Amino acid sequence: QVQLDESGGGLVQAGGSLRLSCAASRRAFSRVAMGWFRQAPGKEREFVAVINWSSSYTYYADSVKGRFTISRDNAKNTVYLQMNSLKPEDTAVYYCAAGGYGQEVHEYDYWGQGTQVTVSS
């Protein structure tokens, strides 16, 4: 079983930056791909970014490409999402997920509880 704990969310003005962290509970974290998703009020959960276990592969949603960067530190069992040039439309609850590899919610086995990101205009 993998437990995921997100942190780093908050309120920021448009154009600002935040870095989200997701700490995993066990060493096997280093062998699985990790993803970030987000869910805005009234909308479905959507893919943001994914990184493989060796960090040799990353992929981003078009809406965040060039602004967000996913990374991981396997020694710390932690994955990060650096978010720059934030826009009001980035406002959502952000979730990290483990065990999947693609862009679909159903592909991932484990989920964190989410962290709120609010971008004011």
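The structure presented is a predicted model; accordingly, all values stated were derived computationally and were not measured. As a basis for the values below, the full set of heavy atoms in this structure was taken, side chains included, without hydrogen atoms, waters or symmetry mates.
Here the OG-NZ distance, from S121 to K87, works out to 14.0 Å after rounding to the nearest 0.5 Å. Remark: F68 CZ to T58 OG1 distance equals 14.5 Å, nearest 0.5 Å. Taken to the nearest 0.5 Å, the OG atom of S54 stands 8.5 Å off from the CG atom of N74.
A salt bridge is defined here as a Lys NZ or Arg NE, NH1 or NH2 lying under 4.0 Å from an Asp or Glu carboxylate O, and K65 with D62 meets this definition.
Of all heavy-atom pairs spanning A24 and L4, the tightest one is CB-CD2, 3.8 Å.
Within the 4.5 Å cutoff, the side chain of M83 has heavy atoms near those of the V117 side chain. Inter-residue side-chain proximity for T91 and Q116 is flagged as met; some heavy-atom pair is nearer than 4.5 Å. Contact annotation: the side chain of W36 never approaches that of I51 to less than 4.5 Å [non-hydrogen atoms, C-beta and beyond]. Counting heavy atoms from C-beta outward, L81 and R38 have side chains that stay 4.5 Å or more apart. Put simply, the side chain of Y110 does not reach to within 4.5 Å of the side chain of V32, judged on heavy atoms.
Of the possible donor and acceptor atoms, none in the side chain of Q113 sits under 3.5 Å from a partner among the backbone N and O of D5. Y60 places a side-chain N or O within donor-acceptor distance of the main-chain N or O of I70, the cut-off being under 3.5 Å. Side chain of T78 to main chain of A23: no donor-acceptor pair is present (N/O by atom type, distance under 3.5 Å, no hydrogens or angles). The backbone N or O of S55 sits less than 3.5 Å from a side-chain atom of N52, completing a donor-acceptor pair. Of the possible donor and acceptor atoms, none in the side chain of E6 sits under 3.5 Å from a partner among the backbone N and O of C22.
Hydrophobic side-chain contacts under 4.5 Å tie W111 into a cluster, directly or through other members, with F37, F47, V50, Y57, Y59, V93, Y95, Y101, V105, Y108.
Under a hydrophobic clustering in which Ile, Leu, Val, Met, Phe, Trp and Tyr are joined whenever their side-chain heavy atoms come within less than 4.5 Å, directly or via other members, V119 and V48 fall into the same cluster.
Considering only residues two or more places apart in sequence or on other chains, S17 meets the side-chain contact (heavy atoms from CB on, under 4.5 Å) condition with Q82, N84.
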